[in-house]
J.: 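After the structure tokens below, expect a handful of questions from me.
Here the structure is a predicted model, which means the values were calculated and not measured. Computed from heavy atoms alone, side chains included, the values below leave out hydrogens, waters and symmetry copies.
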Amino acid sequence: SFKLPPGFKAEVWATGMPGVRAMARGAGGKIYAGTRGIGRVYEITDGGAQRTSRVVVDKLTQPAGVAVAPNGALYVMAIDKVLRFDGIEANPGVAPVDMTAAFKLPKEQHHNWKYIAFGPDGYLYIGVGDGGSGNDPPNNAQNKNVLLGKLLRIDVNSTAGSLPYGIPLSNPFRGAIEGRDEILAY
């Protein structure tokens, strides 16, 4: 149990989705929930007095990163996979677009979580773990040429060369400066 300040109340909003770690809300009101241990992303529909859920995708490794773009696309980031579901609220059966190759993610689970969210500027912000064990032995977090251990920012409404996303003009390592263009902070 937990203690709430006076005037606040808590209720169980939805059940039957073990391991949920992060949620994102679509423009149409559906909630997308990423899990840790069971490798699923759920879609929750609020029917007023009752909520229903369905599995959007499963058999992923810790897909805790979920975010819905202003254009309605659902982005899912797992330890070793990045998926985009275009227009999922209007088309629940849409096949995912696999964006994994663009990110070159390691398969190691230790220190490799991803948290994602869209900012008010419409860009996708991605917090990526360093991929190493304690104290980051490969020094990924200090290496500007790898995406691990960084805060990334990408433009999902454009592309850059062979990448399935664009690079915001104000990213500090964009262009000829040493370091990956996607890095916002390290």
J.: State, yes or no, whether a side-chain contact exists between Tyr42 and Val56 at a heavy-atom distance under 4.5 Å.
T.: no
J.: If we only count heavy atoms from C-beta on, is the Tyr75 to Ile116 side-chain gap below 4.5 Å?
T.: yes
J.: Check Asp136 against Ala141 and note the closest heavy-atom contact, atom names and distance.
T.: OD2-N, 2.9 Å
J.: Nearest heavy-atom pair of Val66 and Ala33: which atoms, and what distance?
T.: CG1-C, 4.5 Å
J.: With the 4.5 Å side-chain cut-off for hydrophobic clustering, are Ile38 and Ile79 part of the same group?
T.: no
J.: Can you list the residues that meet the side-chain contact (heavy atoms from CB on, under 4.5 Å) rule with Thr45, with sequence neighbours excluded?
T.: Lys30, Glu43, Thr52
J.: Using a 3.5 Å distance criterion without hydrogens, assess whether the side chain of Gln62 forms a donor-acceptor pair with backbone atoms of Arg36.
T.: no
J.: Once you round to the nearest 0.5 Å, how far does CG of Leu148 lie from NZ of Lys114?
T.: 7.5 Å
J.: Heavy-atom distance under 4.5 Å between the side chains of Tyr32 and Met23, does that happen here?
T.: no
J.: With side chains defined as the heavy atoms from C-beta onward, is the minimum distance between Asp155 and Ile167 less than 4.5 Å?
T.: no
J.: Less than 6.0 angstrom separating the ring centers of Phe103 and Tyr165, yes or no?
T.: yes
J.: Are the side chains of Pro172 and Leu184 in touch, meaning some heavy atoms are under 4.5 Å apart?
T.: yes
J.: Which value, rounded to the nearest 0.5 Å, describes the distance between Ile183 atom CD1 and Asn143 atom CG?
T.: 8.0 Å
J.: Would the distance check show the side chain of Lys150 and the main-chain N or O of Asn140 forming a donor-acceptor pair, the cut-off being under 3.5 Å?
T.: yes
J.: Report the distance from atom CD1 of Ile31 to atom CZ of Arg51, rounding to the nearest 0.5 Å.
T.: 10.0 Å
J.: So for atom CZ, which belongs to Phe173, do other residues, nucleotides or ligands contribute more than 12 heavy atoms lying within a distance under 6.0 Å?
T.: yes
J.: Should Ile44 and Val55 be regarded as members of a common hydrophobic cluster, given that ILVMFWY residues are connected when their side-chain heavy atoms come within less than 4.5 Å of each other, either directly or indirectly?
T.: yes
J.: Output yes when Asp181 and Arg174 qualify as a salt bridge under the 4.0 Å nitrogen-oxygen rule, no when they do not.
T.: no
J.: Should Tyr123 and Asn157 count as side-chain neighbours, where that means a heavy-atom distance under 4.5 Å?
T.: no
J.: Are Glu182 and Leu163 close enough, and set up right, to give a side-chain contact (heavy atoms from CB on, under 4.5 Å), and what steps lead you there?
T.: CA-CA 11 Å; Glu182 297 93 331; Leu163 296 173; 3.9 Å; yes
J.: Begin with the C-alpha distance, continue with both residues' side-chain angles, and end with the deciding distance and a verdict on side-chain contact (heavy atoms from CB on, under 4.5 Å) for Ile88 and Val94.
T.: CA-CA 6 Å; Ile88 192 166; Val94 67; 4.1 Å; yes
J.: With rounding to the nearest 0.5 angstrom, report the CD to CG distance, Glu89 to Asn91.
T.: 11.5 Å
J.: Let me confirm one number: the OH-CG distance from Tyr186 to Leu151, rounded to the nearest 0.5 Å.
T.: 13.5 Å
J.: Flag the pair Leu152 / Tyr125 as yes when at least one side-chain heavy-atom distance between them is below 4.5 Å, and no otherwise.
T.: no
J.: Of the non-hydrogen atoms in Ala67 and Ala117, which two are nearest, and what is the gap between them?
T.: CB-CA, 4.1 Å
J.: I'd like to know if Met17 and Val12 are part of one continuous hydrophobic network [Ile/Leu/Val/Met/Phe/Trp/Tyr, side-chain heavy atoms within less than 4.5 Å].
T.: no
J.: Are any of the side-chain heavy atoms of Lys81 and Asp98 separated by less than 4.5 Å?
T.: yes
J.: On a heavy-atom basis, which atom in Ala64 and which in Arg21 lie closest, and how many Å separate them?
T.: CB-CB, 4.1 Å
J.: Would Leu83 and Leu60 count as a side-chain contact (heavy atoms from CB on, under 4.5 Å) here? Give the steps.
T.: CA-CA 10 Å; Leu83 302 173; Leu60 297 176; 4.2 Å; yes
J.: I need the minimum non-hydrogen distance between Ala69 and Val156, along with the two atoms involved.
T.: CB-CG2, 4.5 Å
J.: Work out which heavy atom in Arg84 is nearest to a heavy atom in Met99; give both atom names and the distance.
T.: CB-SD, 3.7 Å
J.: Looking at Thr100 and Val82, would you say the former's side chain and the latter's main chain have a donor-acceptor pair under 3.5 Å?
T.: yes
J.: Does Arg40 form a side-chain contact (heavy atoms from CB on, under 4.5 Å) with Val57? I'd like the steps, not just the answer.
T.: CA-CA 6 Å; Arg40 291 181 184 157; Val57 62; over 6 Å; no
J.: Are side-chain N/O atoms of Ser170 and Arg153 paired as donor and acceptor at under 3.5 Å?
T.: yes
